[in-house]
Amino acid sequence: MPPLNSTQSDNVAARRVMHLAHLTLLHVPPGNLIEIASSAGFDGVTLQTTPEALVSADQITYAMAPGSALLRDTRRRADDAGLIIKDVQVVRLRQDTRVSQYLSMFEAAAYLGARYAMTVSDDANESRVVDNLGQLAEAAALCDLSIALEYMVYSGIRTVGQADRLIDATRCANIVLMVDTLHHARSGGTPEQLRAIAPERIPYIQLCDGAAQQGGVGADAINLDALRREALSNRMFPGEGGLELRTVLDALPPTLELSIEIPVRSLNGKLSELEIARRALARSRALVG
């Protein structure tokens, strides 16, 4: 089977290309997510595919072994719907991380036509993080993937400046920066910081809204736990919260692709998955015009 046309989005003019992030509806299996995204009007999806051995028992993942029925079915449904699979998630860097643990994930991502492997660091040792990132990027390159490094105030890489600096330190061309509008705000990030970063380093971002209260890198452990819970289950649709989303978007190229990542667990059971997806897309398009 030939690879998906991952440059399809380059030909879409006059409107933002938008992908439905799996975290928005994480309880929905990949094939069903693709059908929901297609029905709602999205251009693509991101998929949660961390190997099962690398997540805790209470976490949801849809690991796809190379050659598996799930992998083939997911690819077929994406082909049938004409949707892009933008990235696979999530690679977690820890003290004991071995790149070999993620090779099957990368191989499956290549089969799906994904462009990026979303990565976060739970390790605060910068020297080790740089080394592991470099090894990860080398392995990803063999599958024509780039690493999308995300920063979060409750992770080992807490700010946009730190993430940008560590990417520089790896000297790897296939590592990009993932900006999540919620995490950027909670870490005290500014639009000016984003303007200072080379545009090619930020090929797409994750979009959502949130309450106006500020977090920041000095927050205590209790606040960090609250921010983690917010990020995983209590975000807001664009325009329904207090984040300065417009100023963030204005600091970035006007055609930048958006991954719509809005888990709102309180809506589960109240709205259908399709209604949630449609609302997420409508609010996002209303924001960007």
Side-chain angles (χ1 to χ4, degrees), residues 8-48 60 77-78 80-87 89 116 118 148 150 178-186 191 194 202-213 230-289:
Q8 166 184 354
S9 60
D10 294 337
N11 298 320
V12 179
R15 69 175 179 86
R16 296 268 192 165
V17 173
M18 296 193 183
H19 310 283
L20 178 61
H22 208 157
L23 186 60
T24 302
L25 296 168
L26 190 53
H27 61 286
V28 175
N32 299 93
L33 184 80
I34 288 168
E35 292 180 357
I36 289 168
S38 177
S39 295
F42 282 92
D43 303 289
V45 297
T46 75
L47 296 179
Q48 185 85 12
I60 299 176
R77 293 204 197 189
D80 290 347
L83 291 194
I84 301 163
I85 297 177
K86 188 66 176 180
D87 68 41
Q89 306 176 13
Y116 301 94
M118 277 286 306
E150 185 172 18
M178 171 48 64
V179 176
D180 179 299
T181 53
L182 180 69
H183 295 313
H184 189 69
R186 298 298 182 245
L194 300 179
I202 307 177
Y204 68 116
I205 68 169
Q206 293 174 334
L207 179 70
C208 74
D209 211 334
Q213 76 269 16
E230 174 192 42
L232 293 175
S233 62
N234 194 31
R235 302 191 187 202
M236 297 182 181
F237 295 94
E240 297 183 1
L243 302 187
E244 297 295 333
L245 298 180
R246 188 69 262 172
T247 59
V248 169
L249 291 172
D250 287 345
L252 297 165
T255 58
L256 197 71
E257 295 186 20
L258 304 176
S259 177
I260 311 305
E261 186 170 87
I262 315 177
V264 188
R265 301 294 164 80
S266 63
L267 293 179
N268 292 345
K270 296 180 180 179
L271 297 178
S272 71
E273 287 86 359
L274 179 56
E275 288 172 324
I276 291 171
R278 283 175 171 163
R279 180 170 168 181
L281 183 62
R283 295 293 191 274
S284 300
R285 291 220 180 276
L287 174 72
V288 302

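Keep in mind that this is a model prediction, so the values were computed, not measured.
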What heavy-atom pair brings [X] and [Y] nearest, and what distance separates the two atoms?
X      : Y      : value
Leu207 : Ile262 : O-CG1, 3.8 Å
Leu23  : Pro263 : O-CB, 3.4 Å
Gly44  : Ala37  : O-CB, 4.4 Å
Val248 : Pro191 : N-CG, 4.4 Å
Arg265 : Leu232 : NH2-O, 2.9 Å
Met18  : Val288 : CE-CG2, 3.6 Å

Side-chain ([X]) to main-chain ([Y]) donor-acceptor, under 3.5 angstrom:
X      : Y      : result
His19  : Glu261 : no
Asp209 : Leu243 : yes
Arg278 : Gly41  : no
Arg246 : Leu287 : yes

Inter-residue atom distance [X].[atom1] - [Y].[atom2], 0.5 Å rounding:
X      : Y      : atom1 : atom2 : value
His184 : Ile205 : NE2   : CD1   : 9.5 Å
Phe42  : Leu83  : CZ    : CG    : 10.5 Å
Ile276 : Thr24  : CD1   : OG1   : 9.0 Å
Ile85  : His22  : CD1   : NE2   : 11.0 Å
Leu256 : Leu258 : CG    : CG    : 6.0 Å
Glu273 : Asn268 : CD    : CG    : 7.0 Å

Check: Arg16 and Leu249 side chains under 4.5 Å, non-hydrogen atoms
yes
Quick one: do Glu150 and Asp180 satisfy side-chain contact (heavy atoms from CB on, under 4.5 Å)? Show the steps, please.
CA-CA 8 Å; Glu150 185 172 18; Asp180 179 299; 3.3 Å; yes
Step by step, work out the side-chain contact (heavy atoms from CB on, under 4.5 Å) result for Arg279 and Leu267.
CA-CA 11 Å; Arg279 180 170 168 181; Leu267 293 179; 4.2 Å; yes
Let's go through Leu182 and Glu230 carefully: what are the C-alpha distance in whole Å and the side-chain angles of both, what is the deciding distance for side-chain contact (heavy atoms from CB on, under 4.5 Å) to 0.1 Å, and is it a yes or a no?
CA-CA 9 Å; Leu182 180 69; Glu230 174 192 42; 3.9 Å; yes
Gln206 vs His183, side chain to side chain donor-acceptor pair (under 3.5 Å): CA-CA, chis, key distance, verdict:
CA-CA 10 Å; Gln206 293 174 334; His183 295 313; 5.7 Å; no
Enumerate the side-chain hydrogen bond (donor to acceptor under 3.5 Å, both in side chains) contacts for residues 33-42, please, sequence neighbours excluded, ordered by first and then second residue.
Glu35-Arg77
Who pairs with Tyr116 by ring-ring contact (aromatic ring centres under 6.0 Å, His included), at least two apart in sequence or on another chain?
Tyr204
Stepwise side-chain contact (heavy atoms from CB on, under 4.5 Å) check, Asp43 with Arg15
CA-CA 11 Å; Asp43 303 289; Arg15 69 175 179 86; 2.8 Å; yes
